[in-house]
Structures are given as C-alpha cells and as structure tokens.
Amino acid sequence: MKYPGLIFICLLAIQPALARVKDFVFSGHAVKPGTRASFEVKLPNPDGDSALLPFTVIHGRKAGPVLGLIAGIHGYEYPPIMTLQALPAHIDPQELTGTLLILHIANVAAFSGRSVYLNPADKKNLNRSFPGNAGGSITERIAHFIATTVFSRCNYIIDNHGGDASEDLHGYAGYYRYGSQTAVSGEMAAATGFDWITPADIKPGPGEHSMYCNREAAMQNIPAITIEYGKLGNVSQEDIRVYTTALLRVIRYLRMLPGTPPPANQPMYINTRASIKSNHTGIIHTTMKSGELVRKGMKLGFITGFTGQHLEDIISPVDGVIIYLLATPPVNKGETLFSFGVLPGP
C-alpha cells in the first residue's frame with residue numbers, strides 16, 4: 001500500500017461526518033444509518049375499522065434528502081404496489097445518500113377488497129380526500145396522516161399510480177406548475193424517462209381543497225410527481241421492471257444513489273387535457289386503445305342499453321391522443337369514457 005498514512009487521515013475525516021447521521025425516527029420507529037426497517041402504523045378510527053399503513057424506511061449511511069414513495073392510494077392499481085414491494089431489494093443502504101420513506105399501500109382495505117377507486121370501509125376515494133381530516137372517516141384520516149405526518153418528513157414525493165381495473169392507460173409522469181417547487185418537479189418528471197409528461201396548473205380558489213395526493217404536496221411546496229403506468233388492473237414482471245427503472249432514474253437524478261440517469265429522449269409535453277363523460281348507464285363499445293391519435297369529430301365508439309338499444313355515439317371533442325379510456329363493458333352515467341391529451345393547433 002503506497003499511502004497508508006493518507007488513507008488513515010481520510011478515514012479520520014470521514015468518521016465525524018458519518019457520526020453526524022442520526023437515526024431516522026418515524027411514528028415511533030428508529031432506523032439506524034445504513035440500515036432498513038419495515039413496520040405498520042395503525043390509524044385508529046372510533047367510528048369503525050382502523051387502518052394499517054405498511055412502511056419501509058431505508059436510511060442511508062450518508063446524510064441527504066428524504067424521498068417519500070407512495071403506492072396504493074387506489075388499491076386496484078397493482079403495478080406500483082408490486083413495484084414498491086420489489087424496490088427495497090434494489091437499494092443498498094450503504095450506498096444511499098438520504099432516506100427513502102416508502103408507504104407500500106396507502107389504502108390497504110381497497111387493496112385487500114379488490115375495490116376500484118373507493119375504500120370499502122366508508123365508500124370514499126382517497127385521491128379525492130386531501131388534505132384530509134384528523135377527526136373524519138377512515139379515508140379522511142389516512143389522507144390527513146399522509147398530508148401531515150408523511151409530508152412533513154419529506155423533501156420530495158412520488159405518488160405512484162396505474163390504470164385501474166377498468167382503465168386502458170398510456171404511461172406518463174405528471175407534475176403541478178405551482179410555486180417554487182415547479183422547476184424541480186418538472187425535472188423529476190423528465191428523469192423518469194417516460195415519453196409523455198403532463199404538467200398541470202393549480203388555480204386554487206378560496207377555501208378549495210387539494211383533493212389529490214400529489215396536488216397537496218405541490219401546494220405544500222414539496223417537489224412532487226405522479227407516475228401513471230399499467231392498465232386494467234393487471235401486473236406483469238415487465239410492468240415492475242419499467243416502473244422500477246423509472247423510480248431508480250429519479251433517485252439517481254436526486255443524487256441519492258451513485259450514477260447519472262441518461263437524458264430523457266425528447267418526451268412529448270401534454271399541456272392541455274380534455275375528457276368525455278357518459279350521459280347514460282349501459283354498455284360501452286369501442287375498439288380504441290390508449291396512446292392512439294384521434295381527430296376532432298371522430299367517432300370513437302358508442303353506448304347501448306342493457307338490451308342493446310343505441311343510446312349515444314362517442315365523438316372526440318379534440319385533436320389529440322388518448323391518455324386513458326374506459327375499456328371494460330360497464331359504464332355509469334357521469335363516468336369518464338376517454339381522457340385526452342390535446343395536441344396544439346397548426
């Protein structure tokens with residue numbers, strides 16, 4: 001060894017820095033630097049069932065930011081849920097700078113009950129319940145816990161979603177253009193490597209609630225993105241691979257792991273969205289797929305009653321691309337049939 005004295009001096013310099021990294025304490029659980037721990041947090045509900053929130057904390061050996069990763073806001077969106085089951089195996093706490101605070105399944109009751117959108121305990125949509133209410137129903141209590149206890153510990157947030165049981169969806173990363181968090185959120189979205197990026201503007205009115213998890217983070221000025229990937233309540237190893245790759249790209253962009261993600265390959269930015277809702281309850285008939293190009297006035301399908309009678313045609317209101325569509329036969333009045341990214345005019 002050529003320079004043993006120099007190495008010894010470097011080690012002496014490093015040791016105080018490592019000593020300054022404290023245990024990460026969350027909801028009564030202390031996780032030492034360079035380790036990981038999994039545990040459940042119980043949210044009591046005096047009016048009915050309590051909720052168990054399953055967490056994993058990966059606390060890096062080196063000091064750095066806290067990234068919150070959330071899945072299962074909608075319990076039937078399986079690709080992000082299964083990705084966060086697998087992700088800890090890809091993270092070495094000894095190489096991590098900072099901390100990953102992983103909420104594996106925010107809505108366990110909906111996941112266990114195979115419930116689309118709603119928590120079966122109170123029939124409420126968690127992603128329409130933010131910022132929540134500490135004294136409300138169980139869904140409102142979960143939203144409040146995330147918006148306060150979780151968000152207060154995080155420097156960055158990724159809210160992970162996918163196409164629910166009825167949705168054919170084209171993957172994308174989205175963020176809100178609101179306040180000083182906007183630039184970093186936009187860079188996080190681009191770092192995912194998805195080919196579609198969907199910025200959205202927040203224009204909250206007096207007393208308006210955030211409703212959505214990621215919107216609440218943005219309104220708290222926390223850089224945050226939503227990832228949407230997967231469709232029709234299915235999950236495959238390829239889905240998990242794509243999702244894991246996107247998350248690791250963002251973690252590396254934040255310099256929490258060694259390496260630099262490759263630059264985004266010219267993603268398409270969808271700045272305006274539009275949708276069609278059903279005027280009837282019945283059966284949808286369409287051969288369209290997510291990601292397809294549509295033209296204004298184009299017939300996309302039709303709706304019939306339960307005995308086959310024609311009720312309405314589905315006509316595209318815009319020139320655009322299909323972000324997601326209702327791709328299973330049942331349809332209820334007021335449901336979204338198609339969501340579009342609007343293409344800019346000539």
Side-chain angles (χ1 to χ4, degrees), residues 74 77 79-80 116-117 127 158-177 182 185-202 212 214-215 224-236 238-239 241-243 245-246 249-250 263-279 284-303 312-329 331 334-346:
H74 289 142
E77 296 176 355
V116 178
Y117 304 132
N127 213 33
I158 304 178
D159 182 23
N160 298 282
H161 288 261
D164 223 308
S166 59
E167 296 172 347
D168 176 9
L169 177 140
H170 182 95
Y172 67 91
Y175 68 99
Y176 284 99
R177 292 179 289 214
T182 301
S185 295
E187 291 171 6
M188 289 170 62
T192 63
F194 282 106
D195 58 354
W196 289 6
I197 307 294
T198 61
D201 293 313
I202 300 176
Y212 307 105
N214 196 45
R215 191 170 188 249
I225 63 172
T226 296
I227 293 177
E228 293 269 8
Y229 184 81
K231 60 182 66 180
L232 294 169
N234 297 319
V235 63
S236 67
E238 176 63 10
D239 292 334
R241 185 196 67 78
V242 171
Y243 224 123
T245 298
R249 285 174 61 107
V250 178
N265 187 19
Q266 295 298 317
M268 180 175 72
Y269 280 77
I270 297 172
N271 292 294
T272 305
R273 295 179 63 164
S275 63
I276 305 174
K277 295 185 181 296
S278 178
N279 296 312
I284 184 173
H285 304 259
T286 182
T287 59
M288 304 300 296
K289 302 294 181 184
S290 64
E292 290 187 327
L293 180 70
V294 299
R295 304 296 293 177
K296 185 175 181 179
M298 180 178 173
K299 183 177 177 179
L300 307 178
F302 58 96
I303 294 174
E312 66 175 297
D313 288 331
I314 305 170
I315 306 298
S316 175
V318 295
D319 294 335
V321 289
I322 299 173
I323 296 176
Y324 71 85
L325 69 145
L326 189 65
T328 55
V331 60
E335 280 187 320
T336 298
L337 301 174
F338 287 81
S339 176
F340 307 99
V342 181
L343 296 180

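Count residues from 1 along the sequence.
Looking at Val294 and Met288, their side chains come closer than 4.5 Å, going by heavy atoms from C-beta outward. Proximity of Leu300 to Phe338: side-chain heavy atoms (C-beta onward) are separated by under 4.5 Å at one or more points. Residues Glu312 and Ser278 have side chains in contact (heavy-atom distance under 4.5 Å, counting atoms from C-beta outward). Annotation: side chain of Val342 is not in contact with side chain of Ile270 (no heavy-atom distance under 4.5 Å). Looking at heavy atoms from C-beta onward, Tyr117 lies in side-chain contact with Ser166 at the 4.5 angstrom threshold. Looking only at side-chain heavy atoms (C-beta outward), Trp196 and His170 come within less than 4.5 Å of each other. Under the 4.5 Å side-chain criterion, counting only non-hydrogen atoms from C-beta, Val331 is in contact with Leu337. His161 places a side-chain heavy atom less than 4.5 Å from the side chain of Thr226.
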**Asked** Ile284 and Phe302: side-chain contact (heavy atoms from CB on, under 4.5 Å), yes or no, with the steps?
**Response** CA-CA 6 Å; Ile284 184 173; Phe302 58 96; over 6 Å; no
**Message:** Go through it in stages, so that I can follow the logic: the residues are Thr336 and Ile276, the test is side-chain contact (heavy atoms from CB on, under 4.5 Å), and I'd like the CA-CA distance, side-chain angles, deciding distance and then a yes or no.
**Reply:** CA-CA 6 Å; Thr336 298; Ile276 305 174; over 6 Å; no
**Asked** Stepwise, does the side-chain contact (heavy atoms from CB on, under 4.5 Å) test hold for Leu326 with Glu167?
**Response** CA-CA 5 Å; Leu326 189 65; Glu167 296 172 347; 5.7 Å; no
**Asked** Under the side-chain contact (heavy atoms from CB on, under 4.5 Å) criterion, do Lys299 and Ile314 qualify, and how do the steps go?
**Response** CA-CA 6 Å; Lys299 183 177 177 179; Ile314 305 170; over 6 Å; no
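Residue Ala165 comes nearest to Val116 through the heavy atom pair CB-CG2, 3.7 Å, listed as atom of the first residue, atom of the second, then distance. The shortest non-hydrogen separation linking Arg273 to Ile323 is NE-CD1, 3.5 Å. Pairing each heavy atom of Ile197 with each of Pro267, the nearest pair is CG1-CB, 3.8 Å. Nearest heavy atoms, Ala224 versus Ser185: N-OG, 2.9 Å. Minimum interatomic distance between Gly162 and Pro80 (heavy atoms only, all atoms of both residues): N-CG, 4.2 Å. Residues Ala173 and Thr192 approach most closely at CB-OG1, 3.6 Å, considering heavy atoms.
For Ser316 and Arg295, the side-chain atoms include no donor-acceptor pair closer than 3.5 Å. In this model, a donor atom of one side chain and an acceptor atom of the other lie less than 3.5 Å apart for Asn271 and Arg177.
The backbone N or O of Ile227 lies less than 3.5 Å from a partner atom in the side chain of Tyr243, making a donor-acceptor pair. A donor-acceptor pair under 3.5 Å is formed between the side chain of Asp168 and the backbone N or O of Ser290. Remark: side-chain polar atoms of Asn160 are paired, donor with acceptor, to backbone N or O of Ile158 under 3.5 angstrom.
Note that CD of Glu228 and CG of Leu169 are 5.5 Å apart. Values are rounded to the nearest 0.5 Å. A distance of 8.0 Å separates CG in Asp239 from CG in Asn234, rounded to the nearest 0.5 Å. Taking CG from Asp164 and OH from Tyr324, the interatomic distance works out to 10.5 Å, rounded to the nearest 0.5 Å.
We find that Lys296 and Asp319 are not joined by a salt bridge, their nearest charged nitrogen and carboxylate oxygen being 4.0 Å or further apart. Contact check on Glu292 versus Lys289 returns no salt bridge, with no Lys/Arg side-chain nitrogen under 4.0 Å from an Asp/Glu carboxylate oxygen.
Relative orientation of the Phe194 and Tyr229 rings is tilted, given thresholds of 30° and 60° on the angle between their planes.
No option in Tyr175, Tyr269, Tyr172 other than Tyr172 meets the side chain to side chain contact (heavy atoms under 4.5 Å, CB included) test with Thr198.
Within a 6.0 Å radius of CG in Asp201, more than 12 heavy atoms belonging to other residues, nucleotides or ligands are found.
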